[in-house]
Amino acid sequence: MPLPHGDLPMILPNLLLEPQALSALQGKHDIPLVILSWLVALAASFASLEIIRLVGSTSSTLWRRTWLIAGASVMGTGVWSMHFVGMHAYRLDFHVSHSPLLTLLSILPATIGSLVAMTLLCREPLSHRTLVIAGTSLGLGIGVMHYSGMAAMRMPATLYYALDLFLASLVVAIGLGVLSAYAYCLCRLESGKAHYQRCAFVSAVCISAAVSGMHYVAMQAAWFVPDGTIGQAPIETSHWLIYVISGTAVFAALLTLMAIKIQRRLQDSERHGYMTQQRLLEVIAALQDGVVLFDDSARIRLCNNAFEQLTGMTQAQLIDADITQVPYAKESQALTPTIQRALVSQGEWSGMVTAVRSNGDEYPAWISISRVNYANSKDRDYVALFSDRTDEQNAQQRIRYLAYHDILTGLPNRLALQEHLSTHLKSPLTKGGYSVFALLDLNRFKVLNDSMGQDIGDELLRQLGRRLQQADDHIYAARLDGNEFALFASIAATEHTAAERLAHQYIERVLALLTADYQLHGHTHPCKINTGTLIFCPREIESVGQLFKRAGLALLEAKRQRDGEPKRFCSALEQKLEEDITLERELRLAIERGALNLHLQAQVNGEHEVIGAEALLRWQHPERGMISPARFIPIAEQTGLILPLGAWVLEAGCRLLGEWQHDPRLSRLKLSLNVSVRQFQQPTFVEQVMSTLTSTGAPPERLTLELTESLLMSDPEGTIDKMLRLRQLGIRFALDDFGTGYSSLAYLKSLPLNTLKIDIAFVRDLTLDMQATPIAATIIALAESLGLDVVAEGVETVDQATVLARLGCHVYQGYYFGKPTPAQAFTQHNGASSFTAS
């Protein structure tokens, strides 16, 4: 029988275990309308999720409630519309109508269930319990709405439900409802708009599946038992109402989405406005620099906490106060007019000031003031920024200190000394007075470093620096580099002699302090210092560089003598330096142009026969005439020119030997060449000699290289190795000036020498000094014991030759037997088999 109108208890379904036993019937679904019903549910679900998201970001309680009610209404209407369309998609063989009141009332369960679910899903955070309750509420609302709508059906049949499918429909509704809640929870975990939209669509599909799934499972549970009037034909249902209701539901969902978008824009605008006002004030308050805003009348309109702390005044005291009356800086009263003029003319001002804290402490601060022009307004304000530059100034002072001081000793460095001297020279107050400038060099400091370690050397420098700092306050001391220091002092004297006396007293007093013994890690170390001084009148000095140059020359003289006495600069030192520089330049040109030549001095045997010669370098200057080797060889040693000079001598001598090979009178003669220490120590010296012998055709057995004792002492192992390699070629070696150095007899025994040359100093004194003869005899006896030849240099008289012959020396060289002559003259005139002294 049909359900009576208004009989609400009959809403509860009739349940049958076996509906087929009553000859019950079921209808069929119109597939297009089924799809339409699902799309309606999908649109409503998506709109509802967007409302939940919007409510979560809304802080207003009224707006939250309003949007929740609107969202629940949209969701409930959508679910109801889906049910309405789905009911009309269900086709039976008899006419079916619906009770209008009960049909409309079926919207309420869906709306209430949606409201409960949406309210719970807006909470933060979402627990599992909340998600389950929300999904269950949604599912129950859908289920009650569906069965309420089914109870509104009017037809010539009785409606029954299969119990298993009836329960399954509720499980589908609640299960998919809970799944939808979890899907939405995942939406909130996604970052980015695109990710959220994808997850929101998945959640909406789950909700629409819950609605549709429950509906169509429940329809499969429905069975209809016809009454006696079943024979009436069914009335064709009009589709226009279906499309109106579904279109209205979708349109409502679209309107809801548009309203959500508008609301979000309003929220963004409100949030931006809040940021530009309240939060901007909070940002300014958090700044470490002082910020203050004042108007054209100098009235403070805004300030932050840093400015309050700067002035020691509260914000209540500062707002509307006259900024010119606020003690923001030490010189604020004098500075204010300048700032006002700059703001009027330029609209800005900046500069460093001495700011004063509320407790009276002063610190450097940078103030920057700029005009603020507002859009669409003629009002003008000014914003001032107070920046504490204490750390920056300390850093700059530290950088300047490091730039002008030596880190190890704490003394001023070379740059500081140069600037101090430059200021002194330019000062008009010092033009008529005298000053003293001294350079100090610690004697044998490298030996101390190498023997005891750099830490000990550094400790010595530190202690010396402390002593200099404790010296006379009138003395300016600086460390230049390594173990070199400088002293400078003005002298209270206007006459040169008095200035020299006072300067000497200054230097002696300081040196006495510096040369006292040092205690270095338990060891007593005596310190000797080489000192070069310059006493000058500032008006006579052209530059600081000239001071260093002249004092440096005096220091070089002190290093050369090494007697511990300070050496004063004199014009002769500068003149000699200039001459040396000129001589160096001219010597370099002479080597490049081949302006040097060799002179040969004969070496004769006991029968006065010429057996060889020693090549001596000569320089015939076009303007100065003959320049002694004693003058230019030391310069060549100091400047490195000794290397190209030695290479030239080696090549010229070997070329001469090669030419002698073609003259029977000269082919038996030997030629001795002097080799400098620096030249012999070159890694490629052996290869250089071999290449020269090959290119000139000189016989190696006729070549003798003369070495000095200093070479043997500097690198004995390397020297012996090179000598052995050259000895294999047939080259002979002579030890020049033997007896003047400190050669070790052990090294002497191991050296592949051929000849010892007695120094001219012993030969000259043979007839004058009683000690010279025993020394010469000892040298000759030593040579004989070692199987070496002996050559006596500097033989100038017959008596000297006689004594040497009696002592056992039978090879001589000296003026008595012939002066050094040009190589060409020697070749022409000394080819005879014998030589007679004149």
Side-chain angles (χ1 to χ4, degrees), residues 352 354 364 389-442 445 458 461-494 499-500 502-503 506-507 509-511 513-514 529-556 558 566-569 573-574 577:
M352 188 71 73
T354 301
R389 297 297 176 89
T390 301
D391 293 341
E392 180 180 337
Q393 188 177 79
N394 291 339
Q396 290 177 350
Q397 291 175 352
R398 177 62 177 169
I399 293 173
R400 180 175 177 82
Y401 179 85
L402 295 176
Y404 285 90
H405 287 79
D406 173 57
I407 302 302
L408 182 63
T409 63
L411 293 174
N413 59 12
R414 181 183 294 271
L415 179 60
L417 176 63
Q418 289 175 337
E419 292 191 4
H420 183 80
L421 292 175
S422 179
T423 302
H424 177 77
L425 294 179
K426 294 177 182 178
S427 174
L429 301 177
T430 61
K431 292 297 183 183
Y434 280 87
S435 301
V436 59
F437 180 56
L439 295 179
L440 285 65
D441 177 88
L442 275 64
F445 179 75
D458 289 347
L461 295 176
R462 277 192 291 266
Q463 292 188 26
L464 189 144
R466 287 195 292 269
R467 294 186 184 187
L468 283 175
Q469 291 171 342
Q470 297 168 2
D472 197 322
D473 293 339
H474 297 91
I475 294 179
Y476 187 94
R479 182 191 179 197
L480 302 183
D481 188 18
N483 62 324
E484 188 172 349
F485 294 80
L487 301 176
F488 169 77
S490 296
I491 301 175
T494 57
E500 287 185 348
L502 290 176
Y506 277 155
I507 298 300
R509 186 164 58 252
V510 174
L511 289 180
L513 178 65
L514 298 182
I529 297 179
N530 303 313
T531 308
T533 64
L534 170 65
I535 301 167
F536 66 95
C537 184
R539 65 170 176 266
E540 300 173 354
I541 301 299
E542 298 177 358
S543 65
V544 173
Q546 190 177 31
L547 290 177
F548 277 92
K549 172 187 173 183
R550 293 183 174 182
L553 290 174
L555 179 61
L556 287 176
K567 297 299 181 289
R568 286 187 302 178
F569 168 80
L573 295 175
E574 191 169 31
L577 175 64

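Taken to the nearest 0.5 Å, the CD1 atom of I507 stands 11.5 Å off from the CG atom of L502. Note that the CD atom of Q397 and the CG atom of L402 stand 12.0 Å from one another [nearest 0.5 Å]. Atoms CG and CG, on L468 and L487 in that order, are 6.0 Å from each other to the nearest 0.5 Å. Atom CG of L440 sits about 4.0 Å away from atom OG1 of T531, to the nearest 0.5 Å. In this structure, CG on L464 lies 10.5 Å from CD on Q469, to the nearest 0.5 angstrom. Put simply, CZ on R479 and CD1 on I407 are 10.5 Å apart, with the number rounded to the nearest 0.5 Å.
No side-chain N or O of S490 forms a donor-acceptor pair with one of H474 less than 3.5 Å apart. When only modelled atom types and interatomic distance are considered, Y404 and E419 share a side-chain donor-acceptor pair under 3.5 Å.
With contacts defined as side-chain heavy-atom distances shorter than 4.5 Å, the pair L425/F536 qualifies. Contact check for D441 versus I529: no side-chain heavy atoms found under the 4.5 Å cut-off. Side chains of L480 and L417 form a contact here, defined as non-hydrogen atoms less than 4.5 Å apart. L461 is listed as a side-chain neighbour of L442, based on a closest heavy-atom distance under 4.5 Å. T354 places none of its side-chain heavy atoms less than 4.5 Å from the side chain of P364.
Judged as a side-chain contact (heavy atoms from CB on, under 4.5 Å), and not counting sequence neighbours, the contacts of R462 are L408, D458, E459, R466. Looking at residues two or more places apart in sequence or on another chain, you find a side-chain contact (heavy atoms from CB on, under 4.5 Å) between Q546 and I541, E542, S543, R550. Judged as a salt bridge (Lys or Arg N to Asp or Glu O under 4.0 Å), and not counting sequence neighbours, E484 has no contacts. For Y401, the side-chain contact (heavy atoms from CB on, under 4.5 Å) criterion is met by R398, H405, not counting sequence neighbours. Residues passing the ring pair (Phe, Tyr, Trp, His ring centres under 6.0 Å) test with F485: none are found, sequence neighbours excluded. The side-chain contact (heavy atoms from CB on, under 4.5 Å) test applied to H420 returns Y476, F488, not counting sequence neighbours.
The two residues A477 and P412 make their nearest non-hydrogen contact at O-CD, 3.2 Å. Nearest heavy-atom pair, I491 versus S435, reported as atom, atom and distance to 0.1 Å: CD1-C, 4.0 Å. Annotation for G465 and T409: closest pair CA-CB, 4.2 Å, computed over non-hydrogen atoms. In plain terms, the two heavy atoms of N530 and A558 that are nearest each other are OD1-O, 3.9 Å. Between L511 and P566, the closest heavy-atom pair is CD1-CG, 3.5 Å. Closest approach of A438 to T533, counting heavy atoms only: CB-CG2, 3.8 Å.
The main-chain N or O of L513 is found under 3.5 Å from a side-chain atom of R467 such that the two form a donor-acceptor pair. Here the side chain of N413 pairs a donor or acceptor atom with the backbone of A403 at under 3.5 angstrom.
Atom CZ of R400 is surrounded by 12 or fewer heavy atoms from other residues, nucleotides or ligands within 6.0 Å.
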Exercise for the section: List the steps and the verdict of side-chain contact (heavy atoms from CB on, under 4.5 Å) for I535 and R568. Expected result: CA-CA 8 Å; I535 301 167; R568 286 187 302 178; 4.0 Å; yes
Practice task
Evaluate ring-ring contact (aromatic ring centres under 6.0 Å, His included) for F437 paired with F548, printing each intermediate quantity in order.
Solution key: CA-CA 9 Å; F437 180 56; F548 277 92; 5.2 Å; yes
